[in-house]
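What follows is a short report on a single structure.
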Amino acid sequence: MKQSAVSASMMCIDFTEMKSQIEQLNRAQIDYFHIDVMDGHFVPNLMLCSDIVNAMRALTTIPFDYHFMVEQPNSIMPLFDIRQGDIVSIHVEGNWHLQKSLQYAKQKGAGFFVATNPGTSLSLIDAVVDEIDGILVMTVNPGFAGQKLVANTLSKITAARQLLDSRGKYDCSVQVDGNVSFPNACLMRKYGADIFVAGSSSVFQKEFSIAEGVEKLRRAIKQGETDE
Ligand code: DX5
Ligand code: ZN
């Protein structure tokens with residue numbers, strides 16, 4: 001089983017405390033900062049602005065995990081400071097130039113993931129699967145934090161893992177994004193996920209600190225490895 005990683009959803013931080021929240025994530029040794037970019041067209045929401053995201057880079061050395069939910073990813077991507085070791089996820093839906101997105105991400109030294117909405121078939125990835133570094137399985141319809149898991153996406157996690165393995169791509173990842181709560185993270189691990197986006201369902205909750213949330217999530221993921 002591939003080693004797990006946690007990617008903190010930066011749209012879920014308290015923006016009045018941005019610097020201190022990033023410092024807490026640094027101390028918790030989070031694996032990635034998940035950067036949701038939305039254009040108000042691909043999804044009916046707007047965030048995170050490139051100036052703010054690029055400014056975040058001065059506060060951490062942890063890699064960024066960009067998730068572009070935009071209609072024109074190839075024009076939007078160059079606004080962001082994409083670096084060696086980052087992840088770039090681009091949706092397969094409505095993207096006529098996916099291979100061009102891939103070339104851009106690779107040229108920046110980033111890993112390239114293809115993202116799929118809950119209602120999208122994995123068969124659409126087939127033409128690029130040999131070139132990608134992972135699949136992002138959206139476990140809610142993208143756009144907003146705080147939604148409920150779309151249950152049939154669990155089996156899609158396994159199908160994504162099987163698709164990668166069938167092409168000999170054992171090192172590639174299956175990332176899950178949306179309602180990754182502690183019990184869901186445990187389940188998603190069993191179904192074959194290895195990168196977990198931590199949002200309002202886990203790490204960013206009023207009842208406990210970011211450090212405690214990260215710890216609880218890591219424990220839940222581990223639980224998914226040991227349970228039957
Ligand atoms: C949606 C986002 C979210 C979110 C995750 O496009 O990527 O899924 O940050 O947070 P929760 O845990 O609220 O679903
Ligand atoms: Zn996301």
Side-chain angles (χ1 to χ4, degrees), residues 5-15 18 21-22 25 30-49 52-53 56 63-71 73 76-77 80 82 86-95 101 105 110-120 134-151 153-154 156-157 160 173-189 193-208 210 212-214 216-218 220-221:
V6 175
S7 188
S9 178
M10 300 309 284
M11 72 180 263
C12 297
I13 66 168
D14 174 353
F15 282 98
M18 185 173 101
Q21 301 237 315
I22 290 177
L25 290 164
I30 202 84
D31 301 286
Y32 295 97
F33 283 25
H34 185 80
I35 308 293
D36 284 309
V37 183
M38 309 185 188
D39 64 354
H41 297 281
F42 185 84
V43 289
N45 199 357
L46 279 173
M47 62 175 70
L48 291 161
C49 141
I52 293 177
V53 174
M56 286 179 184
F64 281 18
D65 160 32
Y66 292 96
H67 176 195
F68 289 100
M69 287 158 279
V70 299
E71 282 189 354
I76 303 284
M77 271 192 290
F80 290 83
I82 297 171
D86 288 346
I87 293 172
V88 170
S89 286
I90 303 287
H91 276 264
V92 68
E93 298 90 2
N95 186 343
S101 314
F112 185 79
F113 286 28
V114 175
T116 66
N117 287 336
T120 302
I135 297 173
L136 167 52
V137 176
M138 284 306 304
T139 42
V140 299
N141 284 297
F144 298 93
Q147 303 181 76
K148 281 266 157 300
L149 175 77
V150 176
T153 58
L154 288 173
K156 197 174 177 190
I157 297 169
S173 285
V174 176
Q175 181 175 23
V176 280
D177 184 10
N179 197 204
V180 183
S181 62
F182 305 121
N184 286 345
C186 177
L187 262 180
M188 290 163 171
R189 184 60 165 160
D194 59 275
I195 303 182
F196 298 79
V197 177
S200 68
S201 309
S202 61
V203 165
F204 299 101
Q205 293 191 38
K206 287 201 182 74
E207 291 70 30
F208 41 78
I210 286 177
E212 284 168 318
V214 172
K216 277 168 179 278
L217 183 57
R218 289 196 167 126
I221 295 165

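Start at 1 and go down the list; that is how both ligands and their atoms are numbered.
- Nearest heavy atoms, Ala198 versus Val203: CB-CG2, 3.5 Å.
- The proximity of Cys12 to ligand 1, defined as any non-hydrogen pair under 4.0 Å, is limited to the side chain.
- Applying the side-chain contact (heavy atoms from CB on, under 4.5 Å) test between Phe33 and each of Val53, Ile22, Asp86, Asp65 identifies Ile22 as the sole match.
- Contact detail for Asn117 and Lys156: the closest heavy-atom pair is O-NZ, 2.7 Å.
- At a 3.5 angstrom cut-off on N or O pairs, Ser201 counts as close to ligand 1.
- Within the 4.5 Å cutoff, the side chain of Ile13 has heavy atoms near those of the Met18 side chain.
- For the Zn ion (ligand 2), the tally of protein N/O/S atoms lying closer than 2.8 Å stands at 4.
- Between Val176 and Met188, the closest heavy-atom pair is CG2-SD, 3.8 Å.
- At a heavy-atom distance under 4.0 Å, only side-chain atoms of Ser9, from C-beta outward, approach ligand 1.
- Of the protein's non-hydrogen atoms, Gly199 CA, 3.5 Å is the one closest to atom 10 (O) of ligand 1.
- Listed by number with element, the atoms of ligand 1 under 4.0 angstrom from any heavy atom of Met69 are 6 (O).
- Where the criterion is an N or O separation shorter than 3.5 Å, residue side chain and backbone included, Met38 fails it with respect to ligand 1.
- Considering only non-hydrogen protein atoms, atom 2 (C) of ligand 1 sits nearest to Asp36 OD2, 3.4 Å.
- Between the side chains of Asp36 and His34, at least one donor N or O lies within less than 3.5 Å of an accepting N or O.
- The nearest protein atom to atom 6 (O) of ligand 1, hydrogens excluded, is given as Gly143 N, 3.2 Å; this is a heavy-atom distance.
- A donor-acceptor pair is defined here as one N or O able to donate and one able to accept, closer than 3.5 Å; no such pair exists between the side chain of Asp31 and the backbone of Ser7.
- Residues Thr139 and Asn179 have side chains that never bring a donor and an acceptor to within less than 3.5 angstrom of each other.
- For ligand 1, the atoms lying closer than 4.0 Å to a non-hydrogen atom of Gly178 are 8 (O), 14 (O).
- Those atoms of ligand 1 with a heavy atom of Met11 less than 4.0 angstrom away are 2 (C), 9 (O).
- In this structure, the protein non-hydrogen atom closest to atom 13 (O) of ligand 1 is Ser200 OG, 2.4 Å.
- Ring orientation note: the planes of Phe80 and Tyr66 are nearly perpendicular, at an angle over 60° on the 30°/60° scale.
- For the pair Gly199 and Ser9, the tightest heavy-atom approach, listed with the atom from each and the gap, is CA-CB, 3.9 Å.
- Close approach to Ala145 involves these atoms of ligand 1, each under 4.0 Å from a residue heavy atom: 13 (O).
- Looking only at heavy atoms of the protein, atom 5 (C) of ligand 1 is closest to Asp177 OD1, 3.9 Å.
- In terms of protein heavy-atom proximity, atom 14 (O) of ligand 1 is closest to Asn179 N, 2.8 Å.
- What you find for Val43 and Met38 is that their closest heavy atoms are CG2-CB, 3.5 Å.
- A distance of 5.0 Å separates CZ of Phe15 from CG of Leu48, quoted to the nearest 0.5 Å.
- Listed by number with element, the atoms of ligand 1 under 4.0 Å from a non-hydrogen atom of Gly146 are 11 (P), 13 (O), 14 (O).
- Looking at every heavy atom in both residues, Ile195 comes nearest to Tyr32 through CD1-CE1, 4.4 Å.
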